[in-house]
Amino acid sequence: MAARRALHFVFKVGDRARTARFYRELLGMRVLRHEEFEEGCKATCNGPYDGKWSKTMVGYGPEDNHFVVELTYNYGVGEYRLGNDFLGITLVSSQAVSNAKKMGWPLKEVTSGVFETEAPGGYKFYLEDKEKLKQDPVWKVTLGVSDLQKSVSYWSGLLGMKIYEKDEEKQRALLGYADDQCKLELRAVGGAVDHGTAFGRVAFSCAKDELPSIEALMKKENQKILTPLVSLDTPGKATVQVVILADPDGHEVCFVGDEAFRELSQVDPNGDKLLDDAMAADKSDKWFAEHNMKKVSA
């Protein structure tokens with residue numbers, strides 16, 4: 001198996017302006033690229049919605065060597081219901097803690113030197129108040145599972161992740177594809193996993209030639225495939241191939257061909273401006289208010 005990379009986590013956001021402020025001003029991330037789409041994604045990147053939407057990639061550096069966040073904004077949806085599927089992203093940044101305090105953003109110290117905060121929409125982030133020790137401050141993504149052993153078997157046995165830690169007493173495991181990449185933490189939630197309508201997606205890359213093999217393995221093992229191997233077009237950019245899976249608890253897992261994705265994901269120096277221009281041109285809140293209507297709560 002060739003090298004695989006942890007790429008990003010996808011969030012659906014209802015308040016794009018407040019969300020942008022959280023990632024840029026509090027976390028200190030930058031906009032890496034921004035794209036607008038007139039209709040829904042073939043691989044449901046924006047969720048099960050057909051209308052106009054946007055994708056904004058934010059992170060601490062280029063997608064080639066940083067784990068980043070994908071923010072999907074559906075113009076007609078104002079909020080999403082959280083479940084217990086996404087339990088948080090942990091990052092190491094004393095600057096983010098300092099920024100949050102200066103901004104008056106709610107912070108709660110959950111253990112010594114680790115602060116819990118929430119992005120707009122209620123998504124939890126854990127900020128370690130110390131200087132980053134590696135290039136990418138994003139350390140791990142934590143997902144809730146109903147059966148830890150079953151999930152570890154899926155992610156390690158079928159998807160080839162290395163097990164870094166496993167704690168039966170605390171019902172948690174830490175997995176990843178490489179020492180210097182963002183890790184995946186699985187934590188038992190003591191019951192069924194509820195994805196709400198805010199459910200996200202975690203993305204990884206692999207050699208393009210591996211995609212058919214991944215799909216074939218999932219068919220052989222009777223595992224769920226949400227989107228069979230498909231090509232996705234982005235106007236003016238590289239076409240990528242993806243296959244979307246679901247783990248035993250229904251967490252969405254995307255594998256994308258690495259070669260084309262590296263081309264697609266190059267940092268756009270105009271990313272900040274494209275996002276700011278799109279937000280300035282977005283009159284959806286005003287339209288709904290003028291018609292005495294509210295955006296949909298998904």
Side-chain angles (χ1 to χ4, degrees), residues 1-11 29-37 40-46 53-72 134-136 138 141 154-162 175-184 200-221 223-247 251-271 274:
M1 182 180 71
R4 295 180 178 178
R5 288 193 298 137
L7 297 179
H8 57 256
F9 194 84
V10 183
F11 291 109
M29 293 183 176
R30 62 184 176 121
V31 176
L32 304 171
R33 52 191 172 100
H34 176 81
E35 293 141 10
E36 295 279 327
F37 301 88
C41 171
K42 283 193 290 185
T44 62
C45 310
N46 61 313
W53 66 288
S54 74
K55 173 200 296 183
T56 309
M57 310 302 293
V58 295
Y60 288 108
E63 293 175 67
D64 274 357
N65 50 21
H66 289 77
F67 188 86
V68 307
V69 169
E70 176 178 323
L71 305 171
T72 62
K134 60 190 182 74
Q135 182 181 24
D136 187 2
V138 183
V141 175
Y154 178 90
W155 287 92
S156 176
L158 296 182
L159 295 185
M161 278 192 162
K162 175 183 174 181
L175 301 95
Y177 280 122
D179 295 355
D180 61 349
Q181 291 183 21
C182 177
K183 304 300 186 292
L184 174 70
R201 174 181 291 176
V202 62
F204 304 90
S205 73
C206 64
K208 183 180 73 171
D209 294 344
E210 283 188 19
L211 292 170
S213 302
I214 291 173
E215 184 176 57
L217 176 63
M218 293 302 145
K219 286 179 180 175
K220 178 186 171 207
E221 298 293 332
Q223 298 295 328
K224 195 165 186 178
I225 298 171
L226 298 176
T227 303
L229 188 57
V230 65
S231 294
L232 299 180
D233 298 320
T234 298
K237 296 190 178 183
T239 295
V240 297
Q241 289 188 311
V242 305
V243 60
I244 314 290
L245 314 173
D247 85 345
H251 291 289
E252 295 192 2
V253 186
C254 172
F255 277 93
V256 58
D258 189 74
E259 302 86 343
F261 187 78
R262 284 185 185 272
E263 185 181 340
L264 169 71
S265 63
Q266 291 302 299
V267 175
D268 183 349
N270 295 316
L274 290 171

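In this chain, numbering begins with 1 at the start of the sequence shown.
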Original post:
Around K208, counting heavy atoms of other residues, nucleotides and ligands shown, do more than 12 lie under 6.0 Å from its NZ?
Top reply: no
Subject >> Between CG on residue D247 and NZ on residue K224, distance to nearest 0.5 Å >> reply: 11.0 Å
**OP:** List in chain and number order the residues that pass ring-ring contact (aromatic ring centres under 6.0 Å, His included) with H251, two or more places apart in sequence or in another chain; answer none if no residue qualifies.
**Re:** H195
Original post:
Stepwise, does the side-chain contact (heavy atoms from CB on, under 4.5 Å) test hold for Y177 with R4?
Top reply: CA-CA 6 Å; Y177 280 122; R4 295 180 178 178; 3.6 Å; yes
**OP:** Considering non-hydrogen atoms only, spot the tightest contact between V69 and H8 and give its length.
**Re:** N-CB, 4.4 Å
Original post:
Looking at residues at least two apart in the chain, or sitting in another chain, which of them share a side chain to side chain contact (heavy atoms under 4.5 Å, CB included) with D179?
Top reply: K162, Y164
Subject >> Gap between atom CG of N65 and atom CD of Q181 - 0.5 Å precision >> reply: 10.5 Å
**OP:** For E252, enumerate each residue passing the side chain to side chain contact (heavy atoms under 4.5 Å, CB included) test, keeping only those at least two apart in sequence or located in another chain.
**Re:** F199, R201, L226
Subject >> Interatomic distance, S54 atom OG to H34 atom NE2 [nearest 0.5 angstrom] >> reply: 4.5 Å
Subject >> S205 versus D258, closest heavy-atom pair with distance >> reply: OG-OD1, 2.6 Å
Original post:
CZ of R5 to CD of E63: how many Å apart, nearest 0.5 Å?
Top reply: 8.5 Å
Original post:
Which atom names give the shortest non-hydrogen contact between T72 and W53, and what distance separates them?
Top reply: CG2-CZ3, 4.0 Å
Subject >> Closest heavy-atom pair and its distance - A6, F204 >> reply: CA-CD2, 3.5 Å
**OP:** Take V68 and L7 through the test side-chain contact (heavy atoms from CB on, under 4.5 Å) and record every step on the way to the result.
**Re:** CA-CA 6 Å; V68 307; L7 297 179; over 6 Å; no
Subject >> Donor-acceptor contact present, side-chain K183 to main-chain A178, <3.5 Å >> reply: yes
Subject >> Partner residues of T239 under the side chain to side chain contact (heavy atoms under 4.5 Å, CB included) criterion, sequence neighbours left out >> reply: S231, D233
Original post:
Pick one: which of L184, L175, V253 meets side-chain contact (heavy atoms from CB on, under 4.5 Å) with L159?
Top reply: V253
Original post:
With P228, which residues qualify under side chain to side chain contact (heavy atoms under 4.5 Å, CB included), at least two apart?
Top reply: E215, I225
**OP:** To the nearest 0.5 Å, tell me how far M218 CE sits from S213 OG.
**Re:** 11.0 Å
**OP:** Might you point out which heavy atoms bring R30 and P62 nearest each other, and give the distance in Å?
**Re:** NH2-CD, 4.1 Å
**OP:** Report yes if some heavy atom in the side chain of E221 is under 4.5 Å from a heavy atom in the side chain of Y154; otherwise report no.
**Re:** no
Subject >> Residues that Q241 engages under side-chain hydrogen bond (donor to acceptor under 3.5 Å, both in side chains), provided they are two or more places apart >> reply: none
Original post:
Going from OH on Y60 to NE2 on H66, what distance comes out if it is rounded to the nearest 0.5 angstrom?
Top reply: 10.0 Å
**OP:** Please test D268 against E35 for side-chain contact (heavy atoms from CB on, under 4.5 Å), starting from the C-alpha separation and ending with a verdict.
**Re:** CA-CA 10 Å; D268 183 349; E35 293 141 10; over 6 Å; no
**OP:** Give the C-alpha distance, both sets of side-chain angles, the deciding distance and a yes or no for side-chain contact (heavy atoms from CB on, under 4.5 Å) between Q266 and D64.
**Re:** CA-CA 8 Å; Q266 291 302 299; D64 274 357; 3.9 Å; yes
Original post:
Which atom names give the shortest non-hydrogen contact between A260 and A238, and what distance separates them?
Top reply: O-CB, 3.7 Å
